[in-house]
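Below: one structure, written as C-alpha coordinates.
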Amino acid sequence: FPVTIGTGKRRDNYRETILNKLAYASSIANKIGGVGICGGDFFHLKNPRSNSHRLVSDAVESCMSFPKKCIWGVVGNHDIFEDNHDSIHNQPLGVLLDADVYLNLNQSVIFQSNDGSVSVQVVGFDYCDSETTLQAVKDFKLDTDSKYHVAVIHQMSAPGSGGDFFGEKSIGYNELSGLGYDIVLWGHDHSRIEPTLVGNTRHLHYGSLSRASLSCDEVDRPVIIPVISFNK
(Lines give C-alpha, C1' and ligand atoms only; values in the text may rest on other atoms or scores of the structure.)
Protein backbone atom coordinates (compact mmCIF):
# COMPACT_ATOMS: atom_id res chain seq x y z
CA PHE A 1 0.00 0.00 0.00
CA PRO A 2 2.52 2.60 -1.08
CA VAL A 3 0.89 5.98 -0.72
CA THR A 4 2.88 8.11 -3.16
CA ILE A 5 0.14 10.21 -4.69
CA GLY A 6 0.15 11.47 -8.26
CA THR A 7 3.87 10.89 -8.82
CA GLY A 8 5.99 10.17 -11.84
CA LYS A 9 4.36 9.18 -15.08
CA ARG A 10 1.25 7.48 -13.73
CA ARG A 11 -1.87 8.62 -15.53
CA ASP A 12 -4.35 7.27 -13.01
CA ASN A 13 -5.29 8.46 -9.54
CA TYR A 14 -2.73 6.48 -7.52
CA ARG A 15 -4.54 6.77 -4.19
CA GLU A 16 -7.87 5.72 -5.68
CA THR A 17 -6.27 2.83 -7.54
CA ILE A 18 -4.57 1.41 -4.44
CA LEU A 19 -7.71 1.76 -2.32
CA ASN A 20 -9.69 -0.05 -5.03
CA LYS A 21 -7.15 -2.87 -4.99
CA LEU A 22 -7.50 -3.15 -1.22
CA ALA A 23 -11.28 -3.23 -1.63
CA TYR A 24 -10.86 -6.05 -4.16
CA ALA A 25 -8.67 -8.00 -1.73
CA SER A 26 -11.26 -7.41 0.99
CA SER A 27 -14.06 -8.69 -1.24
CA ILE A 28 -12.15 -11.92 -1.86
CA ALA A 29 -11.44 -12.44 1.84
CA ASN A 30 -15.09 -11.87 2.72
CA LYS A 31 -16.32 -14.11 -0.10
CA ILE A 32 -14.24 -17.10 1.02
CA GLY A 33 -14.58 -16.42 4.74
CA GLY A 34 -10.87 -15.89 5.24
CA VAL A 35 -8.65 -13.24 6.79
CA GLY A 36 -6.35 -10.58 5.37
CA ILE A 37 -2.61 -10.90 5.97
CA CYS A 38 -0.06 -8.26 4.98
CA GLY A 39 3.65 -8.86 4.43
CA GLY A 40 4.65 -5.37 5.56
CA ASP A 41 5.36 -2.04 3.84
CA PHE A 42 1.72 -1.06 4.13
CA PHE A 43 2.86 2.54 3.70
CA HIS A 44 5.81 3.90 1.76
CA LEU A 45 6.56 7.58 2.17
CA LYS A 46 6.45 8.85 5.75
CA ASN A 47 6.28 12.62 5.23
CA PRO A 48 3.00 14.40 6.17
CA ARG A 49 2.42 15.66 2.63
CA SER A 50 2.09 12.08 1.40
CA ASN A 51 -0.03 10.87 4.32
CA SER A 52 -2.92 13.18 4.96
CA HIS A 53 -5.42 12.58 7.73
CA ARG A 54 -7.88 11.60 5.03
CA LEU A 55 -5.53 8.99 3.62
CA VAL A 56 -4.86 7.43 7.02
CA SER A 57 -8.61 7.45 7.70
CA ASP A 58 -9.21 5.72 4.36
CA ALA A 59 -6.58 3.14 5.29
CA VAL A 60 -8.35 2.45 8.60
CA GLU A 61 -11.65 1.97 6.77
CA SER A 62 -9.98 -0.34 4.26
CA CYS A 63 -8.64 -2.56 7.03
CA MET A 64 -12.04 -2.62 8.71
CA SER A 65 -13.66 -3.84 5.49
CA PHE A 66 -11.84 -7.17 5.86
CA PRO A 67 -13.30 -10.07 7.88
CA LYS A 68 -12.93 -9.52 11.64
CA LYS A 69 -12.74 -5.77 10.82
CA CYS A 70 -8.95 -5.89 10.66
CA ILE A 71 -5.98 -7.37 8.92
CA TRP A 72 -2.93 -9.10 10.38
CA GLY A 73 0.59 -8.26 9.32
CA VAL A 74 4.20 -7.44 10.04
CA VAL A 75 6.10 -4.16 10.11
CA GLY A 76 8.22 -3.49 7.03
CA ASN A 77 11.21 -1.22 6.56
CA HIS A 78 9.04 1.36 4.77
CA ASP A 79 6.66 1.47 7.74
CA ILE A 80 9.34 2.84 10.06
CA PHE A 81 11.82 5.73 9.89
CA GLU A 82 15.46 4.95 9.07
CA ASP A 83 15.15 1.35 10.32
CA ASN A 84 14.23 2.59 13.81
CA HIS A 85 11.46 0.33 15.13
CA ASP A 86 10.74 2.76 17.97
CA SER A 87 9.56 5.26 15.35
CA ILE A 88 6.51 3.17 14.48
CA HIS A 89 4.30 5.05 16.96
CA ASN A 90 4.98 8.28 15.05
CA GLN A 91 4.30 6.76 11.65
CA PRO A 92 1.04 6.20 9.73
CA LEU A 93 1.09 2.44 10.40
CA GLY A 94 1.29 3.23 14.11
CA VAL A 95 -2.16 4.81 13.85
CA LEU A 96 -3.53 1.60 12.35
CA LEU A 97 -1.85 -0.46 15.07
CA ASP A 98 -3.25 1.78 17.83
CA ALA A 99 -6.71 1.55 16.24
CA ASP A 100 -6.51 -2.28 16.32
CA VAL A 101 -7.25 -2.53 12.61
CA TYR A 102 -3.72 -3.74 11.81
CA LEU A 103 -2.68 -6.49 14.22
CA ASN A 104 0.99 -7.41 14.48
CA LEU A 105 1.71 -11.10 13.99
CA ASN A 106 4.92 -11.11 16.03
CA GLN A 107 3.13 -12.86 18.92
CA SER A 108 1.61 -15.40 16.50
CA VAL A 109 -2.10 -16.07 15.97
CA ILE A 110 -3.93 -19.38 15.69
CA PHE A 111 -6.81 -19.39 13.22
CA GLN A 112 -9.41 -22.15 13.25
CA SER A 113 -11.98 -23.29 10.74
CA ASN A 114 -15.62 -22.74 11.67
CA ASP A 115 -16.07 -26.39 12.61
CA GLY A 116 -12.80 -26.44 14.58
CA SER A 117 -11.31 -29.26 12.51
CA VAL A 118 -8.36 -27.27 11.15
CA SER A 119 -6.05 -24.92 13.06
CA VAL A 120 -3.36 -22.79 11.44
CA GLN A 121 -0.68 -20.98 13.42
CA VAL A 122 0.60 -17.82 11.72
CA VAL A 123 3.63 -16.01 13.11
CA GLY A 124 5.22 -12.84 11.77
CA PHE A 125 8.76 -11.49 11.81
CA ASP A 126 9.13 -7.72 11.41
CA TYR A 127 11.88 -6.21 9.29
CA CYS A 128 15.38 -6.59 10.73
CA ASP A 129 18.80 -7.60 9.42
CA SER A 130 18.79 -11.04 7.83
CA GLU A 131 20.97 -12.74 10.47
CA THR A 132 18.76 -11.60 13.34
CA THR A 133 15.62 -12.52 11.41
CA LEU A 134 16.89 -15.98 10.52
CA GLN A 135 17.83 -16.71 14.12
CA ALA A 136 14.41 -15.53 15.33
CA VAL A 137 12.66 -17.83 12.87
CA LYS A 138 14.81 -20.76 14.00
CA ASP A 139 14.25 -20.02 17.69
CA PHE A 140 10.48 -19.64 17.54
CA LYS A 141 8.64 -22.55 19.16
CA LEU A 142 5.76 -23.72 17.01
CA ASP A 143 2.44 -24.73 18.54
CA THR A 144 2.37 -28.51 18.29
CA ASP A 145 -1.44 -28.61 18.52
CA SER A 146 -1.85 -26.65 15.28
CA LYS A 147 -2.07 -28.69 12.10
CA TYR A 148 -0.41 -26.08 9.88
CA HIS A 149 2.24 -23.45 10.49
CA VAL A 150 2.81 -20.30 8.45
CA ALA A 151 5.62 -17.73 8.76
CA VAL A 152 5.25 -14.18 7.42
CA ILE A 153 8.73 -12.69 7.05
CA HIS A 154 9.71 -9.21 5.89
CA GLN A 155 13.16 -9.94 4.51
CA MET A 156 15.05 -10.62 1.28
CA SER A 157 15.05 -14.28 0.29
CA ALA A 158 16.20 -16.54 -2.51
CA PRO A 159 16.10 -20.20 -3.52
CA GLY A 160 19.06 -22.26 -2.40
CA SER A 161 21.42 -21.05 0.29
CA GLY A 162 20.79 -17.33 -0.03
CA GLY A 163 22.89 -14.65 -1.60
CA ASP A 164 23.53 -10.93 -1.83
CA PHE A 165 21.05 -8.29 -2.94
CA PHE A 166 22.67 -4.86 -3.35
CA GLY A 167 24.77 -5.46 -0.26
CA GLU A 168 21.93 -6.97 1.76
CA LYS A 169 22.24 -10.66 2.55
CA SER A 170 19.20 -12.67 1.58
CA ILE A 171 17.89 -15.69 3.47
CA GLY A 172 18.05 -18.92 1.51
CA TYR A 173 15.07 -21.23 1.31
CA ASN A 174 17.35 -24.09 2.37
CA GLU A 175 18.12 -22.31 5.64
CA LEU A 176 14.49 -22.77 6.73
CA SER A 177 14.29 -26.42 5.76
CA GLY A 178 13.15 -28.75 8.51
CA LEU A 179 11.89 -26.01 10.85
CA GLY A 180 8.27 -27.20 10.63
CA TYR A 181 6.75 -24.37 8.58
CA ASP A 182 4.31 -25.48 5.90
CA ILE A 183 4.29 -22.08 4.19
CA VAL A 184 6.61 -19.08 4.30
CA LEU A 185 5.22 -15.81 2.96
CA TRP A 186 7.96 -13.34 2.02
CA GLY A 187 7.37 -9.61 2.21
CA HIS A 188 10.01 -6.97 1.36
CA ASP A 189 11.28 -8.98 -1.60
CA HIS A 190 9.23 -8.43 -4.77
CA SER A 191 11.32 -10.74 -6.95
CA ARG A 192 9.54 -12.56 -9.72
CA ILE A 193 9.82 -16.03 -8.19
CA GLU A 194 7.16 -18.70 -8.60
CA PRO A 195 5.94 -20.59 -5.50
CA THR A 196 8.68 -23.07 -4.62
CA LEU A 197 8.53 -26.23 -2.51
CA VAL A 198 11.68 -27.01 -0.52
CA GLY A 199 11.30 -30.11 1.57
CA ASN A 200 7.89 -29.72 3.23
CA THR A 201 7.91 -25.91 3.10
CA ARG A 202 6.32 -23.91 0.30
CA HIS A 203 7.72 -20.41 -0.27
CA LEU A 204 5.55 -17.64 -1.70
CA HIS A 205 6.50 -14.07 -2.53
CA TYR A 206 3.77 -11.55 -1.84
CA GLY A 207 4.65 -9.36 -4.79
CA SER A 208 3.06 -5.94 -4.51
CA LEU A 209 -0.28 -4.18 -4.88
CA SER A 210 1.46 -1.46 -6.90
CA ARG A 211 4.40 -0.70 -9.14
CA ALA A 212 6.86 2.14 -8.84
CA SER A 213 5.92 5.11 -10.96
CA LEU A 214 9.38 5.99 -12.28
CA SER A 215 11.22 2.72 -12.81
CA CYS A 216 10.67 1.09 -16.19
CA ASP A 217 12.12 -2.21 -14.99
CA GLU A 218 8.99 -2.68 -12.84
CA VAL A 219 6.55 -2.60 -15.74
CA ASP A 220 6.45 -6.41 -15.62
CA ARG A 221 6.34 -6.67 -11.83
CA PRO A 222 3.44 -8.97 -10.95
CA VAL A 223 0.64 -7.39 -8.95
CA ILE A 224 -0.78 -10.29 -6.99
CA ILE A 225 -3.00 -11.36 -4.11
CA PRO A 226 -2.09 -14.88 -2.95
CA VAL A 227 -5.06 -16.90 -1.77
CA ILE A 228 -4.22 -19.85 0.48
CA SER A 229 -6.65 -22.42 1.82
CA PHE A 230 -6.16 -25.31 4.23
CA ASN A 231 -8.13 -28.51 4.79
CA LYS A 232 -7.99 -31.35 7.24
Side-chain angles (χ1 to χ4, degrees), residues 1-8 10 12-30 35-107 109 122-129 133 152-156 168 185-190 205-215 218 221 223-226:
F1 184 56
V3 296
T4 314
I5 302 174
T7 60
R10 293 187 68 106
D12 59 350
N13 183 314
Y14 200 8
R15 172 184 162 279
E16 181 180 320
T17 299
I18 298 299
L19 290 173
N20 285 341
K21 289 179 180 180
L22 282 171
Y24 178 63
S26 170
S27 70
I28 293 176
N30 280 287
V35 296
I37 295 179
C38 178
D41 286 350
F42 192 93
F43 288 93
H44 175 44
L45 298 182
K46 270 76 73 173
N47 61 72
R49 181 175 178 273
S50 297
N51 300 293
S52 65
H53 291 305
R54 179 188 176 190
L55 180 63
V56 175
S57 176
D58 287 340
V60 170
E61 290 185 9
S62 293
C63 292
M64 292 184 66
S65 70
F66 280 80
K68 310 296 184 182
K69 295 188 180 299
C70 66
I71 62 175
W72 281 262
V74 296
V75 176
N77 57 305
H78 286 268
D79 296 314
I80 55 181
F81 183 71
E82 295 183 345
D83 296 346
N84 179 8
H85 283 270
D86 292 336
S87 71
I88 186 65
H89 300 293
N90 296 321
Q91 303 302 328
L93 186 64
V95 177
L96 274 58
L97 288 164
D98 290 342
D100 290 332
V101 297
Y102 191 96
L103 306 183
N104 199 304
L105 283 167
N106 57 18
Q107 298 299 319
V109 177
V122 183
V123 58
F125 299 89
D126 296 340
Y127 174 75
C128 196
D129 63 86
T133 300
V152 183
I153 307 175
H154 195 88
Q155 187 51 259
M156 303 302 299
E168 183 178 1
L185 298 172
W186 295 98
H188 189 43
D189 185 348
H190 303 299
H205 286 250
Y206 261 99
S208 175
L209 280 180
S210 67
R211 299 182 181 94
S213 56
L214 294 175
S215 179
E218 292 193 340
R221 171 185 280 187
V223 176
I224 62 172
I225 301 173

Applying side chain to side chain contact (heavy atoms under 4.5 Å, CB included), run through V56 and L96 and close with a yes or a no.
CA-CA 8 Å; V56 175; L96 274 58; 4.1 Å; yes
Can you tell me how far CG of L185 sits from NE2 of H154, rounded to the nearest 0.5 angstrom?
13.5 Å
Residue pair L105 / I37, side-chain heavy-atom distance below 4.5 Å
yes
Compare all side-chain heavy atoms of I71 with those of F42 and state whether any distance is below 4.5 angstrom.
yes
Identify the two heavy atoms, one from D100 and one from C70, that lie closest to each other, and give their separation to 0.1 Å.
O-CB, 3.8 Å
So do the side chains of V101 and F66 get within less than 4.5 Å of each other, counting heavy atoms only?
no
Report yes or no: does D79 contribute a side-chain atom to a donor-acceptor pair with the main-chain N or O of G76 at less than 3.5 Å?
yes
Without swapping roles, check the side chain of Y102 against the backbone of V74 for a donor-acceptor pair under 3.5 Å.
yes
Under 3.5 Å, is there a donor-acceptor pair between the side chain of N77 and the main chain of D41?
no
Check for a donor-acceptor pair, side chain of Q155 on one end and backbone N or O of C128 on the other, with a separation under 3.5 Å.
yes
I need the S27 OG to I225 CD1 distance, nearest 0.5 Å.
7.5 Å
Between H188 and M156 (side chain of the first, backbone of the second, donor and acceptor by atom type, cut-off under 3.5 Å), is there such a pair?
no
Roughly how far apart are N84 CG and N90 CG, rounded to 0.5 Å?
9.5 Å
Side chains of W72 and V122: does their closest heavy-atom pair fall under 4.5 Å?
no
F43 CZ to L93 CG distance, which is reported to the nearest 0.5 Å:
6.5 Å
With a 3.5 Å distance limit and no angle check, can you tell me whether S26 reaches the backbone of S65 through a side-chain donor-acceptor pair?
yes
Return the minimal non-hydrogen interatomic distance between H85 and D126, and the atom names on each side.
CE1-CB, 4.0 Å
Do Y24 and N20 come within less than 4.5 Å of each other through their side chains, counting heavy atoms only?
no
If you measure from CD on E61 to CZ on R54, what distance do you get to the nearest 0.5 Å?
10.0 Å
When rounded to the nearest 0.5 angstrom, what distance separates NZ in K68 from CG in L103?
12.0 Å
